[in-house]
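All remarks here apply to the structure that follows.
Computed over heavy atoms, backbone and side chain alike; hydrogens, waters and symmetry mates excluded. Letters A, B, ... are given to chains in the order of the sequence lines, protein chains preceding strands, and every chain is numbered from 1.
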Amino acid sequence: MLSTVLDLRVAKRFALVDCNNFYVSCERLFKPALIGKPVVVLSNNDGCVVARSQEVKDLGIKMGVPVFRIYDLIKRHNIQVYSSNYTLYGDLSGRVMSTLAQFAPDVEIYSIDEAFIDLSEFRYRDLTEYGSEIRNRVMQWVGIPVSVGIAPTKTLAKLANRIAKKSGSGVFDLSIYPSIDEILSQVNVGDVWGIGSKYDKWLRDRGITTALNLKYADESLIRAKMGIVGVKLQMELKGESCLAMELIDNPKQGTCVSRSFPKSINELSALKEAIAFFTHRAAEKLRRQKQAASVITIFARTSPFRDNFYSNSATAELTLSSNYTLDLSRVASRLVESIYREGQNFKKAGVIMTGLVSESQIQGSLFDINFDINFDINNDEAKMRSRNLTSVMDTINAMYGRDTLRFASTGVIQVWKTKSEQRSPQYTTCWGDLLEVS
DNA sequence: TCTGGGGTCCTAGGACCC
DNA sequence: TCTGGGGTCCTAGGACCC
């Protein structure tokens with residue numbers, strides 16, 4: 001019994017499976033001519049680089065650089081440029097994840113291109129070999145290259161994955177490596193999972209420059225600055241697992257829809273249209289997640305890269321939680337005037353829905369209408385109509401494509417609409433974009 | 001000229017209550 | 001008016017992630 005308890009405590013094994021250059025790999029899958037060529041994928045709005053092929057990384061182009069700064073490099077090296085195509089990436093991600101699910105019962109989908117797998121029960125096997133099997137099968141079934149890092153904690157599995165990416169085999173098991181400290185001494189502290197730019201600077205200023213330094217740094221110092229998160233991080237580096245697998249698909253705490261505008265907006269009417277559109281999208285998301293919101297926040301700001309930065313937000317609470325576009329827009333549009341300032345060049349805006357509840361828990365739902373003592377026929381009929389209209393719109397939009405039907409308040413000219421000039425077709429999810437084989 | 005979007009968690013401090 | 005400790009809840013802000 002005691003040994004079982006000890007086993008549970010010490011003998012964890014986590015694998016972190018990470019897709020290599022995921023968005024680029026997705027583009028290459030349907031355009032093999034891109035293999036071996038330098039490729040980048042841009043953010044929404046075609047603003048920044050969010051994915052790079054190895055060839056591009058080798059050119060020294062950093063993650064997140066604004067594309068206008070590398071125009072000359074793009075030309076000189078004939079870099080292939082793509083707008084991001086999240087529909088395609090989301091679909092391929094799903095295929096990767098369901099392939100992983102065949103290797104262990106517990107898979108935590110951490111992001112669109114990463115998953116943790118609990119391999120503790122396989123710890124007496126050769127996990128390097130098991131990792132290779134995972135890698136090969138994902139490649140064979142989905143066509144996406146992945147790397148596998150294995151270690152006794154999630155934080156170390158992240159590091160193991162970085163090493164796996166650099167190694168030829170694409171798999172690295174840190175738990176059998178003779179000297180973990182030797183590896184940690186070669187990792188910059190800022191490359192540790194959980195250390196961002198602010199903590200990186202703070203730690204460096206105190207002589208803590210490597211993962212090894214952090215592992216053995218004074219706990220009270222770390223706790224004072226980083227709180228419990230920092231202490232757990234140190235323990236994870238020491239091989240003691242503090243971050244468990246998160247398997248339950250937790251309902252979202254909030255849902256946000258925001259965009260930067262290709263050209264700044266200064267008219268109230270345009271800002272209203274943009275907010276109406278974001279609210280429309282957010283309501284769609286909520287309905288898809290089977291959730292409803294009770295609090296709406298809207299925000300707008302000017303460019304943080306210009307002088308006289310202006311940013312404002314406003315929040316309102318709904319009397320009843322809702323996920324219907326009309327209910328939510330009414331509240332959102334009322335808020336716009338309170339954050340608008342004449343003469344400001346708004347560069348970004350958005351809506352945030354919080355206070356989310358499950359759709360089934362909405363109080364005073366449709367079914368209560370008949371039992372409501374204060375039954376107000378006009379009001380409730382209007383609500384009914386709004387609800388019926390929404391579900392008809394959802395159905396039609398699902399059949400004929402997004403925004404076939406939308407509310408006029410979301411704008412006709414849509415000056416705020418984002419750019420996406422180099423988007424690849426939706427090969428896997430749209431009949432019209434299916435690849436033809438001749 | 002041109003700089004992403006969508007999330008999470010933790011903490012400190014204030015409001016409020018008994 | 002002065003005088004208290006202790007608890008909860010909420011919010012804003014700061015950090016992080018991909």
Side-chain angles (χ1 to χ4, degrees), chain A residues 16-23 40-52 61-72 74 81-86 89-90 93 108-116 154-155 158 161 189-203 222-233 242-244 246 249-264 278 281-282 285-286 289 291 294-295 297 299 301-306 309 311 313 315 317 345 347-356 418-421:
Chain A
L16 176 67
V17 181
D18 190 312
C19 301
N20 301 347
N21 317 324
F22 183 53
Y23 299 167
V40 293
V41 177
L42 305 182
S43 59
N44 266 8
N45 249 345
D46 293 347
C48 307
V49 171
V50 293
R52 305 156 294 159
I61 293 175
K62 295 266 187 293
M63 180 73 171
V65 289
V67 68
F68 69 82
R69 278 212 201 123
I70 57 163
Y71 278 147
D72 52 329
I74 290 174
V81 179
Y82 283 81
S83 302
S84 39
N85 182 346
Y86 290 104
Y89 310 150
S93 170
E108 173 187 338
I109 298 172
Y110 180 71
S111 75
I112 193 165
D113 69 339
E114 275 174 70
F116 287 102
K154 283 181 163 183
T155 305
K158 273 276 192 182
N161 190 278
V189 72
D191 289 333
V192 174
W193 190 37
I195 303 297
S197 61
K198 297 282 169 63
Y199 288 155
D200 182 39
K201 179 171 189 316
W202 187 87
L203 290 165
I222 298 301
R223 179 186 292 272
K225 179 68 178 175
M226 301 172 60
I228 188 69
V229 177
V231 177
K232 282 187 177 173
L233 210 165
C242 297
L243 305 174
E246 289 175 22
D249 192 12
N250 317 4
K252 286 206 192 335
Q253 307 295 302
T255 278
C256 169
V257 176
S258 71
R259 295 284 184 281
S260 294
F261 307 127
K263 279 186 187 159
S264 60
F278 300 149
R281 273 278 182 279
K285 268 175 135 178
L286 289 171
Q289 293 160 201
Q291 289 182 306
S294 58
V295 177
T297 300
F299 69 89
R301 61 166 176 74
T302 60
S303 169
F305 306 104
R306 297 273 172 279
F309 177 62
S311 168
S313 68
T315 297
E317 205 162 326
N345 295 315
K347 193 61 188 158
K348 178 174 181 171
V351 306
I352 304 165
M353 303 286 178
T354 50
L356 303 191
T418 56
K419 282 190 293 190
S420 223
E421 286 167 357

First of A:Gly227 and A:Lys347 reached from the 5' end of DNA chain B, by closest nucleotide: A:Lys347
Whichever of A:Gly64 and A:Lys252 has its nearest DNA chain B nucleotide further upstream toward 5': A:Gly64
So what does [X] touch, heavy atoms closer than 4.0 Å: a base, only the sugar-phosphate, or nothing?
X        : answer
A:Val257 : sugar-phosphate
A:Lys285 : sugar-phosphate
A:Gly350 : nothing
A:Lys158 : sugar-phosphate
A:Asp46  : nothing
A:Ser197 : sugar-phosphate
A:Thr255 : sugar-phosphate
A:Ile112 : nothing
A:Ile228 : sugar-phosphate

Identify, with sequence neighbours excluded, every residue that meets side-chain hydrogen bond (donor to acceptor under 3.5 Å, both in side chains) alongside [X].
X        : value
A:Gln289 : A:Thr255, A:Gln291
A:Thr315 : A:Thr297
A:Lys201 : A:Asp205
A:Lys154 : A:Glu108

For A:Phe22, all residues meeting ring-ring contact (aromatic ring centres under 6.0 Å, His included), sequence neighbours excluded: none
Under the ring-ring contact (aromatic ring centres under 6.0 Å, His included) test, residues paired with A:Tyr199 that sit two or more places apart: none
Least distance between heavy atoms, A:Ser83 atom then A:Tyr89 atom: O-OH, 3.9 Å
Centroid-centroid under 6.0 Å between A:Tyr86 and A:Tyr23 rings: yes
Nearest-angstrom distance, P atom, C:dC18 to B:dT3: 24 Å
Range-with-range stems for DNA chain B, at least three Watson-Crick or G-U pairs under 3.5 Å: B:5-18 with C:5-18
Nucleotide interval of DNA chain C bounded by contacts with chain A (heavy-atom cut-off, under 4.0 Å): C:dA15 to C:dC18
Salt bridge (charged side-chain N to carboxylate O under 4.0 Å, His left out) against A:Arg69, all qualifying residues, sequence neighbours excluded: none
